[in-house]
Amino acid sequence: SEARSRQDGRDHRRHEHSGSDVTSLLAGVVSKTNESEFLGNSRKEPMAPSEIAPSAAPPVARLIEAFHRLPGIGPKSAQRLTYHLIRMPLEEAEEFAAAILGIKERVVLCDTCANIAEAAECTICGDLQRDDSRICVVEEPLDVVAVERARVYSGKYHVLHGVISPVNGIGPNDLKLRELLERLRDGTVTEVIVATNPNLEGEATAMYIQQLIGPLGVKVTRLARGLPSGSDIEYADDSTLAHALESRAEIPQRKTDSQE
């Protein structure tokens with residue numbers, strides 16, 4: 001019985017040591033990840049001391065604060081993630097940390113479109129089956145993922161990494177607009193599709209792009225806006241209805257058997 005008690009004590013101390021190692025390891029990795037502004041995300045305000053348990057060990061508090069700086073993670077979610085990771089085996093924590101560091105060390109921006117890539121050229125720019133005559137301009141790399149999910153666009157992309165926002169001190173020179181103009185000089189591109197968000201900053205950016213590219217003779221189009229599929233008109237707001245009316249399209253006539 002005494003030997004069993006000593007063994008249980010060693011196991012308990014080993015678990016405590018492993019939990020401390022996990023917390024310290026992940027706190028460093030997440031903090032290092034948050035310190036980078038690779039994607040241009042704005043920083044969140046640090047947590048107030050009252051939002052972190054006073055009894056929390058410094059590595060625990062550090063990891064809670066690191067998780068809280070991630071987008072969409074509130075104080076309670078940060079605490080739940082932290083205490084979940086404390087119970088994670090050290091091997092899994094090291095694998096988790098290596099995956100995060102691997103992204104930061106191996107991911108770069110594509111030299112052509114500025115999308116996320118593992119090499120100098122992303123998979124889309126390197127795809128010879130894509131249409132080189134069309135470029136879809138988006139704000140962030142996540143927008144490329146969204147457009148690709150639709151499975152209807154086969155052209156190339158260009159990621160601005162932001163929008164014009166004087167309030168936030170972001171001007172045209174802070175975006176990847178110079179690189180976009182370089183791609184238009186050889187005459188291969190015949191259409192630029194502006195797919196910025198339909199808000200004030202997105203509209204201002206779209207207008208600036210149109211004025212910038214218009215003199216080059218390249219067709220500039222904007223994504224249509226209107227009623228989402230499956231929605232009811234009575235619940236649509238005035239702005240959505242106005243854009244739907246302005247972007248209306250003719251209903252194609254179906255051929256009958258006699259016409260065929």
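All of these numbers come straight from a predicted model, not from anything done at the bench.
The nearest pair of heavy atoms linking Pro228 to Ser231 is O-OG, 2.7 Å. Across every non-hydrogen atom of Cys113 and Cys110, the tightest pair is N-SG, 3.6 Å. Taking both residues in full, the closest heavy atoms of Val138 and Ala195 are given as CG1-CB, 4.0 Å, listed atom of the first, atom of the second, then distance. The minimum heavy-atom distance between Pro141 and His161, with the atom names listed, is CG-CE1, 3.8 Å. The two atoms that bring Ala78 and Ile64 nearest to each other are CB-O, 3.4 Å, heavy atoms only. Nearest approach of Ile164 to Pro172, heavy atoms of both residues: CD1-CG, 3.9 Å.
Here Leu101 contributes atom CG and Arg106 contributes atom CZ; the two are 12.5 Å apart, rounded to the nearest 0.5 Å. Leu241 contributes atom CG, which lies 13.5 Å from atom OH of Tyr235 (distance to the nearest 0.5 angstrom). Ile100 CD1 to Lys104 NZ: the interatomic distance, rounded to the nearest 0.5 Å, is 10.5 Å. Taking CD1 of Ile86 as the start and CE of Met88 as the end, the distance is 11.0 Å to the nearest 0.5 Å. Within the model, atoms CG of Leu227 and CZ of Arg248 stand 13.5 Å from one another, a figure rounded to the nearest 0.5 Å. Taking CG from Leu109 and CG from Asn115, the interatomic distance works out to 8.5 Å, rounded to the nearest 0.5 Å.
Side chain of Asp237 to backbone of Ser239: a donor-acceptor contact under 3.5 angstrom is found. For Tyr153 (side chain) and Cys136 (main-chain N/O), a donor-acceptor pair under 3.5 Å exists by modelled atom type. Between the Arg87 side chain and the Tyr83 main chain, a donor and an acceptor come within less than 3.5 Å of each other. Asp232 places no side-chain N or O within donor-acceptor distance of the main-chain N or O of Glu234, the cut-off being under 3.5 Å. His158 places no side-chain N or O within donor-acceptor distance of the main-chain N or O of Glu179, the cut-off being under 3.5 Å. When atom types are taken as modelled, the side chain of Arg222 and the backbone of Thr196 share a donor-acceptor pair closer than 3.5 angstrom. Side chain of Gln210 to backbone of Val220: no donor-acceptor contact under 3.5 angstrom is found.
Of the residues Asp127, Thr112, Asp132, the one that meets the side-chain hydrogen bond (donor to acceptor under 3.5 Å, both in side chains) test with Lys156 is Asp132.
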Would you please test Ile209 and Thr205 for side chain to side chain contact (heavy atoms under 4.5 Å, CB included) and show each step? CA-CA 6 Å; Ile209 292 175; Thr205 304; 4.1 Å; yes

Worked verdict on Ile170 versus Leu175 for side chain to side chain contact (heavy atoms under 4.5 Å, CB included): CA-CA 8 Å; Ile170 302 175; Leu175 308 179; 4.1 Å; yes

Apply side chain to side chain contact (heavy atoms under 4.5 Å, CB included) to residues Lys176 and Leu180 and explain how you reach the verdict. CA-CA 7 Å; Lys176 302 290 185 180; Leu180 175 61; over 6 Å; no

Between Glu65 and Arg69, is the salt bridge (Lys or Arg N to Asp or Glu O under 4.0 Å) condition met? List the steps. CA-CA 7 Å; Glu65 173 61 30; Arg69 289 200 296 269; 3.7 Å; yes

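Val218 and Ile135 fall within a single hydrophobic cluster, where Ile, Leu, Val, Met, Phe, Trp and Tyr are joined by side-chain heavy atoms under 4.5 Å apart, directly or via other members. Tracing side-chain contacts under 4.5 Å through hydrophobic residues (I, L, V, M, F, W, Y), one reaches Ile193 starting from Val147; they form part of the same cluster. Leu223 and Val159 fall within a single hydrophobic cluster, where Ile, Leu, Val, Met, Phe, Trp and Tyr are joined by side-chain heavy atoms under 4.5 Å apart, directly or via other members. Note on Leu160: it clusters hydrophobically with Val194, by side-chain heavy-atom contacts below 4.5 Å among ILVMFWY residues. When the side chains of ILVMFWY residues are joined at heavy-atom separations under 4.5 Å, either directly or via intervening members, Val163 and Val137 end up in two distinct hydrophobic clusters.
Judged purely by distance below 3.5 Å, without hydrogens or angles, the side chains of Arg134 and Ser154 pair a donor atom with an acceptor atom.
Atom CG of Asp238 sits in a sparse spot, with 12 or fewer heavy atoms from other residues, nucleotides or ligands closer than 6.0 Å. Other residues, nucleotides and ligands contribute more than 12 heavy atoms inside 6.0 Å of the CG atom of Leu245. Residue Glu191 places its CD atom among more than 12 non-hydrogen atoms of other residues, nucleotides or ligands, all under 6.0 Å distant.
Listed by chain and residue number, Phe67, Ile73 satisfy the side chain to side chain contact (heavy atoms under 4.5 Å, CB included) test with Leu81 (two or more places apart in sequence, or in another chain).
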